[in-house]
Amino acid sequence: MAKRILVTGGTGYIGSHTVVELQQAGYEVVIVDNLSNSTAGVLEGITRITGKRPVFDKLDCTDHGAMKALFKKYAFDGIIHFAASKAVGESVQKPLLYYRNNLVSLINLLELMPEHDVKYIVFSSSCTVYGEPDKNPIDENAPIKPASSPYGNTKQINEEIIQDFVHSGAPVKSIILRYFNPIGAHPSAEIGELPLGVPQNLVPYITQTGAGIRQQLSVFGNDYNTPDGSCIRDFINVVDLAKAHVVAIERMLENKSDEKVEIFNLGTGTGLSVLELIGIFEKVSGKPLNYKIVERREGDIEQIWAQPDKANNVLGWKAQETIEDTMASAWKWQQHLLEKEIRSNIR
Ligand code: NAD
Ligand code: WQD
């Protein structure tokens with residue numbers, strides 16, 4: 001019988017791509033999402049790609065009673081927990097919202113798991129836990145630096161909660177995945193990133209500028225200590241990232257490791273600058289991008305890219321897509337959005 005996976009935040013950007021990969025690998029998926037940062041329309045895109053509509057319950061993970069009823073209704077073999085608030089700037093303005101949402105959601109899941117004999121949870125963490133690296137590429141043993149935002153702090157605290165709970169003897173195993181900068185969209189352009197309002201992240205801002213929705217991209221600083229002066233990131237294709245979640249849940253379901261908690265960096269291992277990425281967008285879209293250099297953005301890390309050897313060797317996962325194909329997928333998705341005339345969602 002197909003294994004059943006609970007995917008929290010499954011209508012969101014990374015969650016929806018992961019649901020596709022899970023379904024294509026033969027898993028049965030139950031999505032819960034409160035639609036605070038996504039729409040139920042995403043389910044249509046997933047269905048068009050996979051030919052199968054995932055079960056969807058509109059639920060808030062912070063609602064213990066509703067989550068308990070969900071665990072009673074379905075027997076889950078494992079959980080992939082994406083649901084969280086993720087805007088760094090907003091977390092500075094509304095810290096309690098972030099602490100409540102991101103911490104209570106995880107605590108509820110961990111409380112319910114042993115009660116309902118669910119043993120495995122994959123958790124979405126972030127390279128943000130490393131802060132400004134002492135050296136690049138950065139591996140999983142690098143020190144965790146004091147968080148520079150409440151959002152980043154929730155990821156650090158969530159990692160600690162998982163470690164403490166699992167090591168307390170609870171019958172739970174976990175894989176913590178630290179994503180670098182996820183970008184791009186499914187090659188079908190049926191699903192992709194759907195930022196509500198003005199995008200805070202680089203790639204949606206680039207593609208919206210390319211599409212004429214935004215007038216001009218501001219590049220935050222060209223006076224960093226990097227070859228071209230702009231910041232450097234490890235941009236990881238979202239489908240590649242999604243595939244890592246299938247491998248991670250499988251690793252636990254098939255008891256491939258004795259470790260109770262494992263942490264993996266998910267990145268390409270290559271750092272690319274903001275200006276280099278703009279150049280790649282111009283190449284794949286065939287049009288020049290209107291951008292200007294402005295002041296640095298407060299709180300930005302100068303440069304960070306992953307040492308992904310552990311994921312490559314232990315998990316058996318490696319990023320496959322080229323940056324050109326990844327940027328082309330982001331651009332195709334942007335054009336699809338325009339065609340569908342759902343611009344009201346993205347303005
Ligand atoms: P997203 O906002 O697109 O997806 C998160 C989903 O969770 C949304 O659909 C939202 O409606 C839902 N959600 C939020 N709070 C909820 C709650 N209490 N109950 C139920 N649903 C809830 O974000 P994403 O980019 O897909 O990120 C997924 C996860 O990965 C998050 O935990 C995020 O912190 C983490 N992450 C993201 C990035 C990134 O750059 N996108 C990088 C590192 C880590
Ligand atoms: C990338 C680069 C900007 C927008 C954030 C979170 C991090 C993680 C991933 C969740 C930076 C530059 C951006 C723009 C620009 N998320 N930029 N003009 O800051 O690396 O990471 O998302 O865990 O926690 O902090 O991503 O896409 O915002 O920025 O020049 O309009 O692009 O300065 O150098 P970031 P980003």
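Note that ligands are numbered from 1 as they come in the structure, with each ligand's atoms numbered from 1 the same way. All of these numbers come straight from a predicted model, not from anything done at the bench.
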Those atoms of ligand 2 less than 4.0 Å from some heavy atom in [X]:
{"X": "T128", "result": "24 (O)"}
{"X": "V88", "result": "6 (C), 25 (O)"}
{"X": "S218", "result": "14 (C), 15 (C), 18 (N), 30 (O), 31 (O)"}
{"X": "C231", "result": "34 (O)"}
{"X": "Q200", "result": "4 (C), 28 (O)"}
{"X": "N181", "result": "20 (O), 21 (O), 26 (O), 35 (P)"}

Nearest non-hydrogen atom to [atom] belongs to which of [options]?
{"atom": "atom 36 (P) of ligand 2", "options": "L277, L275, T209, N201", "value": "N201"}
{"atom": "atom 4 (C) of ligand 2", "options": "F180, F220, Y151, Y205", "value": "F220"}
{"atom": "atom 19 (O) of ligand 2", "options": "R297, R233, K155", "value": "R297"}

Worksheet item: Taking only residues two or more places apart in sequence, or in another chain, which ones meet H245 in a ring pair (Phe, Tyr, Trp, His ring centres under 6.0 Å)?
Response: F82, Y179
Item to complete: Say whether Y179 and ligand 2 are in contact under the criterion: heavy-atom distance to a ligand atom below 4.0 Å.
Response: no
Discussion item. Tell me if a side-chain donor or acceptor on Q23 pairs with a main-chain N or O of K52 at a distance below 3.5 Å.
Written reply: yes
Worksheet item: Any donor and acceptor pair, going by atom type alone, linking the side chain of S105 with main-chain N or O of N102 inside 3.5 Å?
Response: no
Fill in: Stepwise side chain to side chain contact (heavy atoms under 4.5 Å, CB included) check, E302 with N136
CA-CA 11 Å; E302 179 177 275; N136 280 298; over 6 Å; no
Could you give the N/O to N/O pairs under 3.5 Å linking ligand 1 and the protein, each with its distance?
unit_1	atom_1	unit_2	atom_2	d
ligand 1	2 (O)	N37	ND2	2.6
ligand 1	3 (O)	Y13	N	2.8
ligand 1	9 (O)	G12	N	3.4
ligand 1	9 (O)	D33	OD1	3.2
ligand 1	9 (O)	D33	OD2	2.6
ligand 1	9 (O)	S38	OG	2.7
ligand 1	11 (O)	D33	OD1	2.6
ligand 1	11 (O)	N34	OD1	3.4
ligand 1	11 (O)	S36	N	3.1
ligand 1	11 (O)	S36	OG	3.3
ligand 1	11 (O)	N37	N	2.8
ligand 1	13 (N)	N34	OD1	3.4
ligand 1	15 (N)	N101	ND2	3.0
ligand 1	18 (N)	D60	OD1	2.9
ligand 1	18 (N)	N101	OD1	2.6
ligand 1	19 (N)	C61	N	2.9
ligand 1	21 (N)	N34	N	3.0
ligand 1	21 (N)	N34	OD1	3.3
ligand 1	25 (O)	K86	NZ	2.8
ligand 1	26 (O)	Y13	N	3.3
ligand 1	26 (O)	I14	N	2.8
ligand 1	32 (O)	F82	O	2.8
ligand 1	32 (O)	K155	NZ	2.9
ligand 1	34 (O)	Y151	OH	2.6
ligand 1	34 (O)	K155	NZ	3.0

Item to complete: May I ask you to identify, for V203, whether its side chain, its backbone, both or neither come under 4.0 Å of ligand 2 on a heavy-atom basis?
Response: neither
Worksheet entry | Mode of L217 contact toward ligand 2 - side chain, backbone, both, neither (heavy atoms, under 4.0 Å) | side chain
Worksheet entry | H64 vs V104 side-chain heavy atoms within contact, under 4.5 Å | no
Worksheet entry | N265 vs Y130 side-chain heavy atoms within contact, under 4.5 Å | yes
Worksheet item: Has ligand 2 got any nitrogen or oxygen that is less than 3.5 angstrom from a nitrogen or oxygen of P182?
Response: no
Is it true that atom [atom1] of [X] has more than 12 heavy atoms of other residues, nucleotides or ligands lying nearer than 6.0 Å?
{"X": "K119", "atom1": "NZ", "value": "no"}
{"X": "E295", "atom1": "CD", "value": "no"}
{"X": "K256", "atom1": "NZ", "value": "yes"}

Worksheet item: How are the rings of W331 and F281 set to each other: parallel, tilted or perpendicular (split at 30° and 60°)?
Response: perpendicular
Response to the item:
among protein heavy atoms, the one nearest atom 2 (C) of ligand 2 is V274 CG2, 3.7 Å
